[in-house]
Structures are given as structure tokens and as C-alpha cells.
Protein chains: 2
Amino acid sequence: MPGQQLKIAIEKLKGSGVRITPQRQAILSFLIETMTHPTADEIYKMLETKFPNMSVATIYNNLKVFKDLGLIKELTYGDASSRFDANLQTHYHAICDRCGKIEDFYTENLSNVEQVAAKITGFKVASHRMEVYGTCRSCQLNH
Amino acid sequence: MPGQQLKIAIEKLKGSGVRITPQRQAILSFLIETMTHPTADEIYKMLETKFPNMSVATIYNNLKVFKDLGLIKELTYGDASSRFDANLQTHYHAICDRCGKIEDFYTENLSNVEQVAAKITGFKVASHRMEVYGTCRSCQLNH
DNA sequence: CTACTTGCAAACTTTTTGCTTGCGA
DNA sequence: TCGCAAGCAAAAAGTTTGCAAGTAG
């Protein structure tokens, strides 16, 4: 229930003394509703009809605020720009070499690798990230 | 034995019709010898005493060549620039939130997650990547 | 009211590109 | 010699910054 998630996120924003501006809410709301891991520029383009005067800097400002509060995660791949993900459930990504699509998938939580890594490296481990790379189904079909 | 790895890599370059220039060899050799996952700029700085006239474009050109031949891997994290890793053994990274250090670690190969991901997503999976994030030992000690 | 945000433009950083000259095989 | 590679500089792309004006609480 994304509506619920938005509500909780907004409470969290308020709780940390951050103002709820229309732009801020729209960016957050868009991130929570979309499944597409958009770039900053994609967010900008999606919202420019609603906020014709909004600047990219506002997008970046807000992404930083959300990230610092743990409301979103930043994903960086080989390509130029970062992508942002408001799905906070533990999940993993499959990335297509061919078309660049990022598909979420859920499997058993690999948090045991955190413990293994901690034991080996001496790190105090807080989180992990895992991705697989390959060719997505539709790119396989299109030869 | 890094000398061996370099030799093999150079054979691979020759085999694909790529020339072995001094700059190319120096960049590759540096990547294989270092443990530090350097950025393009760091490579540039390390080699500028040896090649005062070398341009950054040469670094990028060669990194692209190496990557296309599978001799190195590109790592992208939240920070600005890509890092490059010539360690081709299956291994994982622990990244310190505090100081940014990247520590390699080896554990059981997680390639079974590739199969799981393939089954769930329909991807033809070729590789995977896993990282843990946290605080490294020395940052823990330095409070 | 006032501190936080926005909008804007310029600056900055990283990476890419086009083109000429140079050099490895 | 031939064609790939290096050097150079300019451009592109993404992100950050400084500041004036606006507004949420």
C-alpha cells in the first residue's frame, strides 16, 4: 500500500524538522509510486508539467534529504547517472546488459552474508546489496 | 602471481588485434599490481611521472578496451567516479561508510543466487555482484 | 516571523569526442 | 607502410553551489 508508505515517510520528514513543500511531496510521492528506479532527470521530466518552474537543483536537494533520512536508496551502475529506489523492502536487482532494464526480485534474505563478511573483514556491517547481470527475457526473444 | 596475470592479459590483448603500447601496458600493469581499486584520475596521477604527456583520454580509452575484453571490472558506488578492479577471482567488497575504504573479501561463491534470479526473472544471468556496507575496523576504533 | 526551500545560473567534475600527429607490428 | 593509439582541447553530461526571493509552520 503505497499510500501508507507515503504517509509514514511524510511523518518521518516532519519529525526531523524538514518542511513539507509541494515539490518535496511530489518527488517523494512519485518515487514511492513508480517501479522504475528513475534518474534525477527522469523525475524532473515527469514533474515538469505539474511544476513548470521547478529546477533540477530542487530534485537533487530533495533526493539528498530523502537519502539522508533513509527514505530512498541511491543505485549506481556503469551508466552516467544515479537511480533512486524508494522500495525499502529487502530485494535485489536484475540488470539487462542489452536494454538496461532493472527488474526487482525477491528471494531469501542474504543477510547471512553480512555476518560472514563481518567475521572476515572486521567490519561492522549495516547493509548489503546484490545484483545479477544478464539478458532480460524480452531481449532474449528479440534475438 | 601478478606477473603471470599481466602476461596472460597481454596475450589476450595481442590475440584481439590490440596493440601493446607503453601507456597501455603501464595502465594495465598498474591495475593488476594495485589492491586499491583506483579511479581513472588516480591512475592518471600515478602514471604522470612516467608519462608526463599522457592525457586522461588515453586512460579512459584503455580502461574501455580492458573492460570490453573482460580484463577489468568497473565498480560504481555513490561517489562521483568509477573505480576499476583487475582482480578477476570471484570476490566481494566491503565498503566503509566512514572512510570509503573498499576491502576485498572471499567467501563461498554465491553463484546459486544467479540460478535463483534466473528462475524468478527469466533473465539469462551472466554474473553477479555483492557488496556489504558498514564501518571498517579502524573507523570503529577511531570512535 | 524566520529559517528552510526554491529557482536560477554558473561552476565543477567526470567522461566522451573529434581530429591531428605519432608509432607499433 | 598502415592503421590503431596517443595527445590535446573542446564538449557533453551529471551534479553541486551561491545567492536572492518565496513560503511553510
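Hydrogens, waters and symmetry mates are skipped; everything else that's a heavy atom, side chains included, is used. Letters A, B, ... mirror the listed sequences (proteins, then strands); counts begin at 1.
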- Item | Gap separating the CZ atom of F84(B) from the OG1 atom of T34(B), nearest 0.5 angstrom |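 Answer for the CZ-OG1 pair, F84(B) versus T34(B), is 13.5 Å.
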- Query: Contact class for D41(B) vs. all strands (heavy atom < 4.0 Å): base, sugar-phosphate, or nothing?
  - Reply: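 No contact.
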- Looking across every strand, which nucleic acid part, if any, lies under 4.0 Å from T39(B) by heavy atom: base, sugar-phosphate, or nothing?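 Result for T39(B) = nothing.
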- Message: Tell me whether the count of non-hydrogen atoms from other residues, nucleotides or ligands lying under 6.0 Å of NZ in K73(A) goes above 12.
- Response: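 Result for NZ/K73(A): open.
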- More than 12 heavy atoms of other residues, nucleotides or ligands under 6.0 Å from NZ of K124(B): is that the case?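 No.
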[X] has an atom [atom1]; how far is it from atom [atom2] of [N], in whole Å?
X	N	atom1	atom2	answer
K67(A)	dT16(D)	NZ	C1'	13 Å
Y44(B)	dT13(C)	OH	C1'	15 Å
R24(A)	dC4(C)	CZ	P	11 Å
N62(B)	dC4(D)	CG	P	15 Å
F51(A)	dG7(C)	CZ	P	8 Å
K50(A)	dT6(C)	NZ	C1'	17 Å
Q25(A)	dT5(C)	CD	C1'	15 Å
L75(A)	dG14(D)	CG	P	16 Å

- Carboxylate-amine/guanidinium contact K50(A) E48(A), below 4.0 Å: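 Salt bridge absent between K50(A) and E48(A).
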- Message: Before you tell me yes or no, could you show the steps for L28(A) and L13(A) under side chain to side chain contact (heavy atoms under 4.5 Å, CB included), namely the whole-Å CA-CA distance, both residues' side-chain angles and the distance that decides it to 0.1 Å?
- Response: CA-CA 11 Å; L28(A) 183 56; L13(A) 286 172; 3.7 Å; yes
Please tell me if [X] has a side-chain N or O lying less than 4.0 Å from either OP1 or OP2 of [N].
X	N	result
S81(B)	dT15(C)	no
Y60(A)	dT16(D)	no
Q23(A)	dG7(C)	yes

- Query: Under a single-linkage definition using a 4.5 Å side-chain heavy-atom cutoff for Ile, Leu, Val, Met, Phe, Trp and Tyr, are Y60(B) and L69(B) assigned to the same hydrophobic cluster?
  - Reply: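 Same hydrophobic cluster.
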- Message: Between Y92(A) and H128(A), is the ring centroid distance below 6.0 Å?
- Response: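 Yes, ring centres under 6.0 Å apart.
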- Query: Once the angle between the rings of H93(A) and Y77(A) is folded into 0 to 90°, is it parallel (under 30°), tilted (30 to 60°) or perpendicular (over 60°)?
  - Reply: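 Aromatic pair H93(A)/Y77(A) classed perpendicular.
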- Task: Would you give a per-nucleotide map of nucleotides 19-25 of chain C, 5' to 3', where B means the base has a protein non-hydrogen atom under 4.0 Å away, S means only the sugar-phosphate does, and - means neither?
- Result: ---BBBS
- Note on the structure: Scoring nucleotides 8-13 of chain D by protein non-hydrogen atoms under 4.0 Å (B base, S sugar-phosphate only, - none) yields BB----
- Judged by atom type as modelled, is there a donor-acceptor pair below 3.5 Å linking the side chain of R83(A) to the main-chain atoms of H37(A)?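 Pair found, side chain donor or acceptor close to backbone of H37(A).
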